Amino acid sequence: MNLISKDENIKNSIVYIGYVILKELSLRKEGKMSIYDIAGLLKKENLLNGEQLNYSLMFLYATDIVDFQEPYIYVK
């Protein structure tokens with residue numbers, strides 16, 4: 001199984017979007033962000049795509065890197 005397709009633009013992959021989210025989470029003192037903060041970040045980076053955002057968050061959750069506590073997403 002490949003995480004990134006050879007035909008896919010890396011900046012649109014769920015792995016790269018997950019990386020951008022984790023990078024921003026690591027810069028925050030409290031280590032958590034709301035979904036609105038993440039959407040704003042991805043919009044600023046010109047990466048906002050609802051489907052890719054959902055898949056990226058599912059990827060990070062499935063790999064046990066992040067968890068959710070309404071309304072925040074935080075690094076474990």
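Because the structure is a prediction, the values reported are computed rather than measured. Quick note: residue numbers are just sequence positions, from 1.
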Check: Do Gln52 side-chain atoms and Asn12 backbone N/O form a donor-acceptor pair below 3.5 Å?
Finding: yes
Check: Of Ile21, Leu25, Leu48, which is the lone residue that meets side-chain contact (heavy atoms from CB on, under 4.5 Å) with Ile38?
Finding: Ile21
Would you say [X] and [Y] are hydrophobically clustered, going by side-chain heavy atoms of ILVMFWY under 4.5 Å?
X	Y	value
Tyr36	Leu27	no
Leu57	Tyr72	no
Ile65	Tyr61	yes

Can you tell me how far apart [atom1] ([X]) and [atom2] ([Y]) are? Round to the nearest 0.5 Å.
X	Y	atom1	atom2	value
Asn49	Tyr55	CG	OH	10.0 Å
Thr63	Lys76	OG1	NZ	9.5 Å
Ile73	Asp37	CD1	CG	9.0 Å
Leu41	Lys43	CG	NZ	12.5 Å

Notebook entry, point to check: Where do Ile14 and Ser56 come nearest, in terms of heavy atoms and distance?
Noted result: O-OG, 3.2 Å
Note to self: Around atom CD of Glu30, are there more than 12 heavy atoms from other residues, nucleotides or ligands closer than 6.0 Å?
What the structure shows: yes
Margin query: Run the side-chain contact (heavy atoms from CB on, under 4.5 Å) test against Lys23 and tell me which residues pass, sequence neighbours left out.
Written below: Tyr19
Checklist line | Partners passing side-chain contact (heavy atoms from CB on, under 4.5 Å) against Ser26 (at least two apart in sequence or in another chain) | finding: none
Check: Below 4.5 Å, heavy atoms only, C-beta onward: do Leu22 and Val66 meet side chain to side chain?
Finding: yes
Next item on the list: Can you sort out the partners of Lys29 under side-chain hydrogen bond (donor to acceptor under 3.5 Å, both in side chains), two or more places apart, ordered by chain and number?
Entry: none
Next item on the list: Decide yes or no on side chain to side chain contact (heavy atoms under 4.5 Å, CB included) for Tyr74 and Asp67, but give the supporting numbers first.
Entry: CA-CA 6 Å; Tyr74 63 93; Asp67 206 354; 3.6 Å; yes
